[in-house]
Asks: 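I have a structure here, written as structure tokens, and I will follow up with some questions on it.
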Amino acid sequence: MKNNSAKFHELRKKHKKLIYHDFSITEGKITFHFSIEGSSPDNSFQFKPEWRFDGNLPLQGNIDLLAFNLGMAELISYWKCACPEMVEIRCGNLDEWQINWWKKLYRNGLGEFFYINGIKAGDNFMQIYANGAKLPPLQSRELLGCLIPVGGGKDSIVTLELIREQRQFNSCFVVGDIKRAIDSAKMAGYPNSRIIKVSRTIDPTLLELNKQGYLNGHTPFSSIIAFSSLLFGYMAGKKYIVLSNESSANEGNTADGVNHQYSKSVEFERDFREYVYGMGENLPQYFSLLRAYSELKITELFIRHRNYFPIFQSCNVGTKTNTWCCKCAKCLYIYIMLAAFLDDNVLISIFGENLLENKELALLLAALANPDYDKPFECVGTRDEVNFALYKALCRRSAPPELLRGYADKIKLPDVDILNSFDENNFVPEEFLRLLK
């Protein structure tokens, strides 16, 4: 944890305002352009992030409202470098309820950023002023099928397989040139024509400011996925946006509730659905198909589809190279989940080594399983799940690997049956519930 509190106050004095000036849409190779300015008395920084889609999606009707809101989601990444007190929106209008909605997303979605940087933001850490012209409403249109955001990990693969029978009406949604995601979609039976692959460009000025000592840290990326999938789902005429977030995402990482996965939580899902409802009635319905399941249950379902074993990958460090780094908390966590159901020879064929034989990962194991530690700031499951997975992994091995053997007497079994529990706090439509139950 860093102590950047002084830097936080220094930058806020220097940079008083972040301005969302405008957005525009280029047809053909569809591109969404956003114009953002960081203002200060000395100079200002111009940010020009973009989203681009090279495929064939018709721009039917006016989609300015959806594009504007995608820009609002992008704004958070640029706000956090200097954390100005005022955010001014000049290209759209927000009512008081919507302003409070966005402030909540800043507060909770940047909880890890504030925590890691040692910043006490307070209740009035920012104000949003939005008096631009009110954007035209979205036109009613026929919606059919699902848009499925795919990241290439086991969760989205389970979703793809659960709704495999309806795939003729569905499309996959991939942000970035992520091989594991494209390969997973193709393995599930989706041709290139039904994989909506978009590119997101971060303005290089932001990266340069980070090098100069401006603040940096985690942003609620899944909220960006939410708004971008809403935009492209509407353009593609989809009735549903089907996420793959599980009940485990609701558990925080620290004692005071900071949650790395806030924008994957059921709280955000509820808030986002309410926000979308306020934008119009004829929009795709956003929900997580796997919300009722634990991460461990999803793992049990995933191992039934071994054809994905050479393809899937969840390590953030190894995203660009499509590899498991075998050194981070995410790699260790996925290994433990799989170890509850698979033998070491199968795991080694996936990861390239036995992570539970690596003594250098002992502290990460403790952080994943022991509530006396902060849970690693990664997309990992609950401590109860980790302990239960370790117990199951221990039971299926006559000669347990070193880390598992060393942690055996510390395993604390949960009181609930994690594999057979079903979280009723979900928004899964009735027609999809039968696939789960």
Asks: Is there a donor-acceptor contact under 3.5 Å linking the side chains of Glu208 and Thr205?
Replies: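 No.
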
Asks: If you draw a 6.0 Å radius around CG in Asp372, do more than 12 non-hydrogen atoms from other residues or ligands fall strictly inside?
Replies: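 Counting other residues, nucleotides and ligands, CG of Asp372 exceeds 12 neighbours.
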
Asks: Is the closest side-chain donor-acceptor distance between Glu274 and Trp101 under 3.5 Å?
Replies: no

Asks: Test your reading of the model: is there a side-chain donor-acceptor pair from Gln261 to the backbone of Val380, 3.5 Å cut-off?
Replies: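 Indeed, once roles are kept as given, a pair shorter than 3.5 Å links the two residues.
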
Asks: Relative to the ring of Phe232, is the ring of Phe32 parallel (under 30°), tilted (30 to 60°) or perpendicular (over 60°)?
Replies: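 Rings of Phe32 and Phe232: perpendicular, as their planes differ by over 60°.
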
Asks: For Lys103, does the NZ atom sit with more than 12 other heavy atoms under 6.0 Å from it, leaving out its own atoms?
Replies: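 Above 12, so yes.
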
Asks: Ion pair present between Lys17 and Glu88, side-chain N to carboxylate O less than 4.0 angstrom?
Replies: yes

Asks: Please check if atom CD in Glu96 has more than 12 non-hydrogen atoms from other residues, nucleotides or ligands closer than 6.0 Å.
Replies: no

Asks: Phe309 vs Phe302 aromatic rings, parallel, tilted or perpendicular, using cut-offs 30° and 60°?
Replies: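 Correct class here is tilted.
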
Asks: With no hydrogens and no angle check, do the side chains of Tyr240 and Glu431 hold a donor and an acceptor under 3.5 Å apart?
Replies: yes

Asks: Over 60° means perpendicular and under 30° means parallel, so classify the ring planes of His15 and Phe45, tilted if in between.
Replies: tilted

Asks: Mind checking whether Trp324 and Phe351 have parallel, tilted or perpendicular rings, split at 30° and 60°?
Replies: tilted

Asks: So, Asp256 versus Tyr115: side-chain donor-acceptor pair below 3.5 Å or not?
Replies: no

Asks: Look at the rings of Trp79 and Phe125 and say which category their plane angle falls in: under 30° parallel, 30 to 60° tilted, over 60° perpendicular.
Replies: perpendicular

Asks: Using 30° and 60° as the class boundaries, would you call the ring planes of Phe23 and Phe68 parallel, tilted or perpendicular?
Replies: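 If you compare the ring of Phe23 with that of Phe68, the planes turn out tilted.
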
Asks: With no hydrogens and no angle check, just 3.5 Å: does a side-chain donor-acceptor pair link Ser223 and Ser263?
Replies: no

Asks: Between Phe287 and Arg273, is there a cation-pi geometry (under 6.0 Å to ring centre, at most 45° from the normal)?
Replies: no

Asks: Give, for atom CE of Met72 and atom OH of Tyr20, the distance between the pair rounded to the nearest 0.5 Å.
Replies: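 Between atom CE of Met72 and atom OH of Tyr20 there are 7.5 Å.
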
